[in-house]
Amino acid sequence: MRWSKTYIPTLREVPSEAELISHQLLLRAGFIRKLAAGVYIYLPLMQRVIKKFSDIVRDEMDKSGALEITMPVLHPAEIWQESNRYETAGKELMKLKDRHQHDLVLGPTHEEIVTFLLRGELRSYKQLPINLYQIQVKFRDEIRPRFGLMRGREFIMKDAYTFDADDESFAIAYKKMVDAYFAIFKKAGLDTKKVESDTGAMGGKAAHEFMLIVDTAGGEEVILFCDKCDYAANVEKATFRETNLPETDSEMKATEDVATPNAGTIEEVTDFLKIKAHRLVKTLIYLADGKPVAAMVRGDRELNMTKLTNQVGAVELELAPAEVVEEVTGCPVGYAGPIGMAQEIPLIVDNEVTRIKNFVVGANKNEVHTINVNLDRDFKATKIGDIINAPVGEQCPNCDGILHAKKGIEVGNTFMLGTKYSESLNATFTDTDGNEKPFLMGSYGIGITRTPQAAIERFHDEKGIQWPKNIAPFLVEIIPLNYAKDEHKEAAERLYNELTSNGIDCLLDDRTERAGVKFNDADLIGVPIQLIIGDKSLQQGKIEVKNRQTGEKSLFDINNMTEEVTKLLGQIN
RNA sequence: CGGGGUGUGGCGCAGUCUGGUUAGCGUGCUUGCUUUGGGAGCAAGAUGUCGGAGGUUCGAAUCCUCUCACCCCGACCA
């Protein structure tokens, strides 16, 4: 492709709307433009990246035995009502009405549709297993779309669905997908980690996420890793073993209310009472599906809303607004405690709280805390369980290693759905014994538009993008320094024709721009190999080569370019 | 949804507090000449519903009301 014949609108300045470096580079390098919040136009370079990544995904999915189909984007609301996700995922769904006032949904994912398809088609175990996938645009009415292609309202996803007759067969299907995912990301030049995750709104038995580890602001997810074994889980899911028992008293003491003037925060209270943060147990009021619940965790711990949601069996959980807190506790926000609340509500207590004697809690009175409080003696828990984020430095749940945290971007996920959808949508088959059984299902996603942005977040420098070769818009960019000069132009054209006819994907910068402009644009768009045609090297019968990933420069013989370029391509990521 | 912020040529911004020529600057764009190995120089030129609607005023980018869009933050304070 010639630069003059395509459209690469590079920007010199950073558009003010972009926060993340990867988002800025996508805009500056002329890959995307925004239409509305979370809705983007893919320009020619992005289109090429999408195609290259999609081809890798297709290739590996096909190899794994999955079958490509295309399902509709437009869904009748009824099928979503049938699975009950019209309610549970309601706010995320893009809804619309047709001219007959029929409710429709723009598909955010396709469990319902693929199950609809197969419940009418598959009647026997003999037709199983089957794996169907598609690469297609999805719609989600995100609360807050942000960061360019990272969290859009419209985006492209590869989604696959497996149907199996029994657990052994499902385990094979799941493993095949996991293997395919590792192969896909490896081919795309991305080293991903598979981590355990919560099943969330998707439901089902278990789930994993494929994370690209980054150390930039783009890493939205926190992942806990064991330093000894291969345990890895995202923060919502990660558990730990309580081996570092906190210091505490041996005997219970009598409770006492203590005035704590102007001490509302954990720090203020612990300073005032001269105690360590773990001895102050905070009581947080949440609304679980609209009903207030209280949760107690150590002052030095973070409550994990996903775990709490699961403990109370709720669909939606949100921190209670101040008015509700005041109504429930009977005092201003900041002094909630388990004893003497104005209303009786469920009380979920974190495991760790049971290890401490004589802790401090809010007294449900303004600027008063109660000291020497003990579980069971002074109040009863509705439920005791793990409701905190696994703390860094605590012990791995599987071995004696220590947990540490990293940030990552989720580029793929796999869900063991079990029979959640096949049961709710009544999709059954006849087993070997003649009985009707619901299908065992799995669903598997890869963000086709998010992954390239994640790759940029991982691979860039101050000059621009450093694409891994297999998802780069081009493999090679030919840069004649002075296209108006016949020798440069001829050498460039010859090189372009030679490489192109040998199947090497080239971009020829045939603009009559100055060298500096071309160098900067080349570094910005991030094509892995730059071939620079200038007087210095040309006079020696050489072409200058710059490896965009390392910045390394060398000279190739002008008569041996295809071989040299192919060799270099074989060496880079 | 709550909180904060921003809307001014393609892009980045100033001007708004304290209303007053013809709304500026940088960059980009067009044309010409020169230049040509890391975002050139000189010259000439084009490009604005100042997000929108309404209002106050002799006069509004600027003040008031409403509205729309976009960006950021969101629960250790319980």
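Lettering of chains follows the sequences in order, A, B, ..., and the numbering in each one begins at 1. Because the structure is a prediction, the values reported are computed rather than measured.
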With a non-hydrogen cut-off below 4.0 angstrom, is [X] in contact with a base, only sugar-phosphate, or nothing?
X        : value
A:Gly362 : nothing
A:Ala320 : base
A:Arg28  : base
A:Asp300 : nothing
A:Glu544 : base
A:Glu267 : nothing
A:Gly337 : nothing
A:Arg146 : sugar-phosphate
A:Phe147 : sugar-phosphate

Legend entry - A:Thr248, A:Asp249, A:Thr270, A:Asn358 screened by side-chain hydrogen bond (donor to acceptor under 3.5 Å, both in side chains) with A:Arg279, the one that passes: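 Testing A:Arg279 for a side-chain hydrogen bond (donor to acceptor under 3.5 Å, both in side chains) against A:Thr248, A:Asp249, A:Thr270, A:Asn358 leaves exactly one candidate, A:Asp249.
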
Inset, instruction - With A:Tyr483 as reference, evaluate A:Glu493, A:Lys489, A:Glu513 under the side-chain hydrogen bond (donor to acceptor under 3.5 Å, both in side chains) test and give the passing residue. - result: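 Exactly one pass, corresponding to A:Glu493.
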
Legend entry - N/O (side chain, A:Arg514) to phosphate O (OP1/OP2, B:A40) under 4.0 Å: yes

Inset, instruction - Could you tell me whether the phosphate oxygens of B:C71, OP1 or OP2, come under 4.0 Å of any side-chain nitrogen or oxygen in A:Arg144? - result: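 Answer is no, no contact under 4.0 Å.
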
Quote, to the nearest angstrom, the [atom1] distance that separates [N] from [M].
N     : M     : atom1 : value
B:G45 : B:G9  : C1'   : 14 Å
B:A14 : B:G7  : C1'   : 15 Å
B:A40 : B:G28 : C1'   : 15 Å
B:U18 : B:C13 : P     : 25 Å
B:C72 : B:G26 : C1'   : 26 Å
B:G74 : B:C29 : C1'   : 42 Å
B:C11 : B:U57 : C1'   : 36 Å
B:C70 : B:A23 : C1'   : 24 Å

Complement of [N], any strand, by Watson-Crick or G-U distances under 3.5 angstrom:
N     : value
B:G74 : B:C1
B:U47 : none
B:G12 : B:C25
B:U35 : none
B:G20 : B:C58
B:A53 : B:U65

Inset, instruction - Mind calculating the distance between CD1 (A:Ile8) and P (B:G28) to the nearest angstrom? - result: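 It works out to 18 Å between those atoms.
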
Between [options], spot the one nearest the side chain of [X], thanks.
X        : options             : value
A:Ala37  : B:G38, B:C71, B:G37 : B:C71
A:Lys34  : B:G37, B:C70, B:C72 : B:C70
A:Val517 : B:A40, B:G38, B:C72 : B:A40

Are any side-chain N or O atoms of [X] and backbone N or O atoms of [Y], one a donor and one an acceptor, separated by less than 3.5 Å?
X        : Y        : result
A:Gln24  : A:Val14  : no
A:Arg48  : A:Ala472 : no
A:Lys282 : A:Arg301 : yes

Legend entry - Whichever of A:Val269 and A:Arg153 has its nearest RNA chain B nucleotide further upstream toward 5': A:Arg153

Legend entry - Contact nearer the 5' end of RNA chain B, comparing A:Leu35 with A:Thr10: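 The residue whose closest nucleotide sits nearer the 5' end is A:Thr10.
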
Inset, instruction - Would you check if the distance from the ring center of A:Phe31 to the ring center of A:Trp467 is below 6.0 Å? - result: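 Yes, the ring centres sit under 6.0 Å apart.
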
Inset, instruction - Indicate yes or no: does A:Arg511 engage A:Asp509 in a salt bridge with an N to O separation below 4.0 Å. - result: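 Salt bridge flag = yes for A:Asp509 with A:Arg511.
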
Inset, instruction - Return yes if the base of B:G38 and the side-chain atoms of A:Asp523 contain a donor-acceptor N/O pair under 3.5 Å, otherwise no. - result: yes

Inset, instruction - Could you name each residue pair satisfying salt bridge (charged side-chain N to carboxylate O under 4.0 Å, His left out) that touches residues 17-42 of chain A, not counting sequence neighbours? - result: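 Pairs touching residues 17-42 of chain A that pass the test: A:Glu17-A:Lys34.
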
Legend entry - Any side-chain heavy-atom pair of A:Leu149 and A:Phe155 under 4.5 Å: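 Side-chain contact under 4.5 Å: no.
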
Legend entry - Pair A:Asp523, A:Gln530: side-chain N/O donor-acceptor within cut-off below 3.5 Å: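 Present: a donor and an acceptor within the cut-off.
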
Legend entry - nucleotides 6-14 of chain B: protein proximity per nucleotide (B base, S sugar-phosphate only, - neither; heavy atom, under 4.0 Å): -----BSS-

